[in-house]
**Q** 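Could you have a look at this structure, given as structure tokens, before my questions?
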Amino acid sequence: MSRLLGGLTGSKSDEETESPKDKQESPRQEATTDAAKEKEPSKAGAEERFCTIVDVEQIEKIRMIAAKEDVTIKDLVSLAFDVIIKKYESLHGKIKVNKHKKGNLRDVFEL
């Protein structure tokens with residue numbers, strides 16, 4: 001688990017200390033865990049895994065802030081999202097989130 005989180009909170013030296021055997025085994029374990037989590041039904045207010053590409057300097061600064069303030073990167077990113085959403089809504093009005101309904105392909109393609 002620490003190797004999994006190392007990509008978020010660790011440094012490059014953490015990766016260098018892993019043995020080749022550790023690197024071979026971890027993808028299988030991570031894939032199994034992620035697949036099991038995806039099968040869980042979603043609930044209102046539930047969390048969802050989100051992956052993105054971030055500028056190297058930005059993520060390093062986020063890591064430093066998280067370490068210095070003893071908070072998680074997840075909490076920092078969540079706060080940033082809240083700030084952006086509130087600012088957008090103050091300028092453009094409340095955002096209404098549509099609940100996703102499984103579509104019918106026949107209707108989509110008018111078949």
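Quick note: numbers below take in every heavy atom, side chains included, and nothing from hydrogens, waters or symmetry partners. All figures in this text were calculated on a predicted structure; none of them were measured in a lab. By convention here, the first residue in the shown sequence is residue 1.
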**Q** If we check side-chain contact (heavy atoms from CB on, under 4.5 Å) with Ser90, which of these qualifies: His92, Lys87, Lys86?
**A** Lys87
**Q** In the hydrophobic cluster built from side-chain contacts under 4.5 Å, what are the other members alongside Val83?
**A** Leu79
**Q** Is Val71 reachable from Phe50 through a run of I, L, V, M, F, W or Y residues, each pair having side-chain heavy atoms under 4.5 Å apart?
**A** yes
**Q** Search all heavy atoms of Arg63 against all heavy atoms of Ile73 and return the closest pair with its distance.
**A** CG-CD1, 3.9 Å
**Q** Flag yes if Ile65 and Val54 sit in one hydrophobic cluster, no otherwise; membership is Ile, Leu, Val, Met, Phe, Trp, Tyr, and two members link when side-chain heavy atoms are under 4.5 Å apart.
**A** yes
**Q** What distance separates Ile62 CD1 from Asp55 CG, expressed to the nearest 0.5 Å?
**A** 11.0 Å
